[in-house]
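Counting from 1, the numbers follow the sequence of the chain as shown.
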Amino acid sequence: MKNIIVVIGSFIVAIAFNLFLVPYDVLSSGMSGIAILLGILTPFDIGLLNFLLNVPLLIIGYIKLGKTIIINTIVCVVSLSIFLYAIPVVPVADNILLSSIFGGVFGGAGIGLIMKYSGTSGGLDIIAIILSRSSNVSVGMLLTGMNGLIVLLSGSVFGWNIALYTMLSIYLTGKVIDTIHTNHIKLTMQIVTSEGDAIRKELIDSIYRGITVMDGYGGYTEEKKQILMMVVTRYETMQIKQIVRKYDKKAFINIYETVEVDGEFARN
């Protein structure tokens, strides 16, 4: 199911590129934007360039983010590359401002949907998620900052009018990503389980967070339990729940929003 949603998100991103941004030389964010730039300036296909540029970052993501996220990211990169190749570059609107706005919104919606279901669209998304995990800065804001380079490239190659439209598109993409993704929101998870040791070990190997373990017992059954407490991002909750259910289908998981985090948020 998640892979299907990732493919749908990739299709939305490809629509944003080929029907709104590429016809007017407006660049997208991240490695996709660089792929669009190289595709405009060279005879190489944008979809192929997008795939080749993402390979090194997929390797980094596998090391830092784990197998599950990167498998979904590979699905996204491959499907996005195919959609970019298959969908013709035809402008929907005859106005560059409207195309920049809707291209940014559609692009952000597609990427936000992909991230919400444990994936990335590759490229700078991977770097942004890694940095966001160890800071209080949202993925959208990190992407907006890093994409300043894309704006400079756009201005130097196509002129500064196009660069400003690129900046508008990238800004809207980042805002829509944050609206859908919301992974910068901090949550506290309390996991009450009888399989605490096994769950703790896999969480330590898979999740970039600290864990506090307490002993407890059921008020009704008096059965001994372990209570695992973690402060995580919304982005990580789905993966944590999958790990918990793998070992204890009857575990009790309590999730609530954290107002403020004071201290070391990321696991050393």
Atom of [X], atom of [Y] and distance for their closest heavy-atom approach:
| X | Y | answer |
| --- | --- | --- |
| S194 | K224 | CB-O, 4.4 Å |
| Y85 | D45 | CD1-OD1, 3.4 Å |
| R200 | V213 | CD-CG2, 3.7 Å |

List the residues meeting side chain to side chain contact (heavy atoms under 4.5 Å, CB included) with [X], not counting sequence neighbours, and say none if there are none.
| X | answer |
| --- | --- |
| S10 | V6, C76, S79, L80, F83, I114 |
| L164 | none |
| Y220 | none |
| M189 | V232, T237, I240, K241, I253, I255 |

Between [X] (side chain only) and [Y] (backbone N and O only), is there a donor and an acceptor less than 3.5 Å apart?
| X | Y | answer |
| --- | --- | --- |
| T173 | G104 | yes |
| R245 | A251 | yes |
| N50 | I46 | no |

According to a 4.5 Å side-chain heavy-atom criterion applied to Ile, Leu, Val, Met, Phe, Trp and Tyr, with indirect links allowed, do [X] and [Y] form part of one hydrophobic cluster?
| X | Y | result |
| --- | --- | --- |
| V192 | L228 | no |
| L41 | L152 | no |
| M229 | V244 | no |
| Y217 | M214 | no |
| L53 | L27 | yes |

Do [X] and [Y] have side-chain heavy atoms sitting under 4.5 Å apart?
| X | Y | value |
| --- | --- | --- |
| T166 | F158 | no |
| L172 | F102 | no |
| Q190 | F252 | no |
| P56 | I60 | no |
| I162 | V157 | no |

Which atom pairs, donor and acceptor, lie under 3.5 Å between side-chain atoms of residues 11-23 and protein residues at least two apart or in another chain?
unit_1: N18; atom_1: ND2; unit_2: L84; atom_2: O; d: 3.0
unit_1: N18; atom_1: ND2; unit_2: I87; atom_2: O; d: 2.7

### Task
Mind checking salt bridge (charged side-chain N to carboxylate O under 4.0 Å, His left out) for E222 and listing every partner two or more places apart, or none if nothing turns up?
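Here no residue qualifies.
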### Query
By salt bridge (charged side-chain N to carboxylate O under 4.0 Å, His left out), which residues pair with K246, not counting sequence neighbours?
E202
For the [atom1] atom of [X] and the [atom2] atom of [Y], what is their distance to the nearest 0.5 Å?
| X | Y | atom1 | atom2 | value |
| --- | --- | --- | --- | --- |
| F51 | I82 | CZ | CD1 | 9.5 Å |
| L203 | K201 | CG | NZ | 12.5 Å |
| I227 | D215 | CD1 | CG | 8.5 Å |

### Message
Run L97 and L168 through side-chain contact (heavy atoms from CB on, under 4.5 Å) and show every step you take.
### Response
CA-CA 9 Å; L97 177 59; L168 173 64; 3.7 Å; yes
### Task
Please list all pairs passing the side-chain hydrogen bond (donor to acceptor under 3.5 Å, both in side chains) test where one or both residues lie in residues 102-113, with sequence neighbours left out.
none
### Message
According to side-chain hydrogen bond (donor to acceptor under 3.5 Å, both in side chains), does anything in residues 90-112 pair up with another residue at least two apart or in another chain? List the pairs.
### Response
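Those involving residues 90-112 do not exist here.
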### Heavy atoms of other groups near Y24 OH, more than 12 under 6.0 Å
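For Y24, atom OH is crowded (more than 12 foreign heavy atoms under 6.0 Å).
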### Task
Decide yes or no on side-chain contact (heavy atoms from CB on, under 4.5 Å) for M230 and T188, but give the supporting numbers first.
CA-CA 6 Å; M230 306 173 66; T188 297; over 6 Å; no
### For D248, side-chain hydrogen bond (donor to acceptor under 3.5 Å, both in side chains) partners two or more places apart
T193
### Query
Excluding sequence neighbours, so at least two apart, what forms ring-ring contact (aromatic ring centres under 6.0 Å, His included) with Y165?
none
### Contacts of Y247 that satisfy ring-ring contact (aromatic ring centres under 6.0 Å, His included) - sequence neighbours left out
none
### Message
One pair to check against side-chain contact (heavy atoms from CB on, under 4.5 Å): N161 and I96. What are the steps and the verdict?
### Response
CA-CA 10 Å; N161 282 340; I96 187 173; over 6 Å; no
